[in-house]
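Notes follow once the structure below has been shown.
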There are 2 protein chains.
Amino acid sequence: MVHLVEKQRRTQEERSAETRGRLVDATLDLLVERGYALATTADIARRAGVTRGALNHHFSGKDDLIAQSVCHQLRGWIEEIREVARQVQGGSLSLSAFVDRMWELFSGRLFLVTLEHITAARHNPYLREQLVPVTRQFHSALDETWRDFFDGTGLREPEVEAAFNATLCLMRGMSLQTILREDPAYYARLLGFWKSVLANHSAQGTGASLPMTSERPDKDDSK
Amino acid sequence: MVHLVEKQRRTQEERSAETRGRLVDATLDLLVERGYALATTADIARRAGVTRGALNHHFSGKDDLIAQSVCHQLRGWIEEIREVARQVQGGSLSLSAFVDRMWELFSGRLFLVTLEHITAARHNPYLREQLVPVTRQFHSALDETWRDFFDGTGLREPEVEAAFNATLCLMRGMSLQTILREDPAYYARLLGFWKSVLANHSAQGTGASLPMTSERPDKDDSK
DNA sequence: GGCAAGAAACATGCATACTTGTCTGTCTGT
DNA sequence: ACAGACAGACAAGTATGCATGTTTCTTGCC
């Protein structure tokens, strides 16, 4: 049992884990900040506070580093989304709040990492091979979440999945737009529109009441 | 049109226009095939059938070439979409067919060029500066199209724009997914879902009837 | 329990491979 | 003959992988 004060005398596994972790964090940061091509291994190593030698010791190359980092991040998000699912099941998250939460998630780092790794993987067989399975897992986790959300509302399964996936696609598309079009009001309108669509659609499907908002579905249309 | 036999005796302007055109075409091709970073100027010149010297003579550099090419392509699409708008106004395009047409547009080359140039422009001030205005134009043209589509149906303006933009965002998000997730049935379901949403929503808004699928037999609705 | 040998974790420099932009030279129209 | 269109060569910059040192931990043995 080693005290934290002692910087030396760490076990090799600890050292490895830390450098590897620093490397992964730095990779994700620079992937978001500069994109795949401009995120150079030298910069990554520098930001991680290690040398390129260490990087090349722990990872077989840049692509390996990128792939593992993205995988790590995606797995983390899967957990996060599962947590949201639990909240939803517990009834502490309304439909409106859920949409907002998802937008919060998809409009930030999550989307940028997604954008970069998808764009990179499009021309990089190795990255594609590594990332496709994790992507599949990610989507499965999302499907599960959405299914849980509507569980007990009596909605038909395919409809539910379609609605959910459409929501995510919408947000991906919105996020993509934010890069060259800065207009918060515009995105707020889209979000409001989408909430009303979801409310309409789900209500129309079965007549079941969903925990939308108490009164009017378009309360944040004002922004 | 000049006879193909006479390769010589072209006016300088003709020569310039052709090389420039070949360069632009090759640029867009390679942008789609290999992405921004991997689309090297040497490859572009080779595909265009000219030398890098010619490339550098007509364009100040790679970014200039990319920017102008993307601008050119975007302007072309604006025209194409305006044409679709005219068809819509003429009543020869149903809502369902319109959605399909848009998906057809956004799931192919249009989206890939968009993806690449947005991803590149995110870290490239010059590209961003050049492309933001054209992007704005592009979106304006789309807004106009959508407005024309619903013109006369009595729907409220903001709702119309929101619905339209949501449609495009949805398709962008779907296209982004297609890169790492190949599943035509899945996308078909999403499209179907979206059509029903649009029909529901617009009908609910005013009670006005839109040319969805009921009146005329839509050939591509079955898929 | 300590100590050497070895292995793993790092650090550093080098060499290669591209890519881009420029510069000079040539050819074709005007 | 003059200018613009094009061709080819050159130089600079940079990123990556490798290969060689150096430090830190682990382990087996006395």
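Within every chain, numbering begins at 1; the chains are lettered A, B, ... in the order of the sequence lines, protein sequences first and strands thereafter. Values reported hereafter were calculated over all heavy atoms of this structure, with side chains retained and with hydrogens, waters and symmetry mates removed.
Straight-line distance from the CG atom of A:Leu65 to the P atom of D:dA15: 16 Å, rounded to whole Å. One atom, CG of A:Leu30, and another, P of D:dT16, lie 11 Å apart when rounded to the nearest Å. In this structure, the NE2 atom of B:His58 is 12 Å from the C1' atom of D:dA7, given to the nearest Å. In this structure, A:Arg46 atom CZ and C:dT12 atom C1' are separated by 15 Å, rounded to whole Å. A:Glu18 has its CD atom 15 Å from the C1' atom of D:dC25, to the nearest Å. Put simply, CZ on A:Arg15 is 8 Å from C1' on D:dT23, counting in whole angstrom units. Across the protein-nucleic acid pair, A:Arg22 atom CZ and C:dA9 atom P stand 17 Å apart, rounded to whole Å. Atom CZ in A:Phe59 sits about 18 Å away from atom C1' in D:dC18, given to the nearest Å.
Between B:His117 and B:Gln73, the side chains place no donor N or O within less than 3.5 Å of an acceptor N or O (distance only, hydrogens not considered). A side-chain donor from one of A:Tyr36 and A:Asp63 sits under 3.5 Å from a side-chain acceptor of the other. A side-chain donor from one of B:Lys195 and B:Ser96 sits under 3.5 Å from a side-chain acceptor of the other.
A close approach under 4.0 Å does occur between a side-chain nitrogen or oxygen of B:Ser16 and OP1 or OP2 of D:dA5. Using a 4.0 Å cut-off, some side-chain N or O of A:His57 falls inside it from OP1 or OP2 of C:dA9. Between B:Thr19 and the phosphate of D:dC6, there is a side-chain N or O to OP1/OP2 separation shorter than 4.0 Å.
Each of A:Arg20 and B:Glu13 was assigned the nucleotide of DNA chain C with the nearest heavy atom; the assignment lying further toward the 5' end belongs to A:Arg20.
The residue from A:Leu23, A:Thr27, A:Ile66, A:Leu55 that alone fulfils the side chain to side chain contact (heavy atoms under 4.5 Å, CB included) condition with A:Thr41 is A:Leu55.
The pair A:Arg46-A:Asp43 meets the salt-bridge criterion, since a charged nitrogen lies less than 4.0 angstrom from a carboxylate oxygen.
Heavy atoms of other residues, nucleotides or ligands lying less than 6.0 angstrom from CD of B:Glu13 number 12 at most.
C:dC23 is paired with D:dG8 under the criterion used here, namely a Watson-Crick or G-U wobble arrangement in which both key atom distances are under 3.5 Å.
The aromatic rings of B:Trp194 and A:Phe193 sit perpendicular, their planes meeting at an angle over 60°, well past the 30° parallel limit.
Considering only the side chain of A:Thr11, D:dT26 comes nearest among C:dA9, D:dC6, D:dT26.
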Heavy-atom protein contacts under 4.0 Å, nucleotides 14-26 of chain C, coded B base, S sugar-phosphate only, - none: -----SBBB----

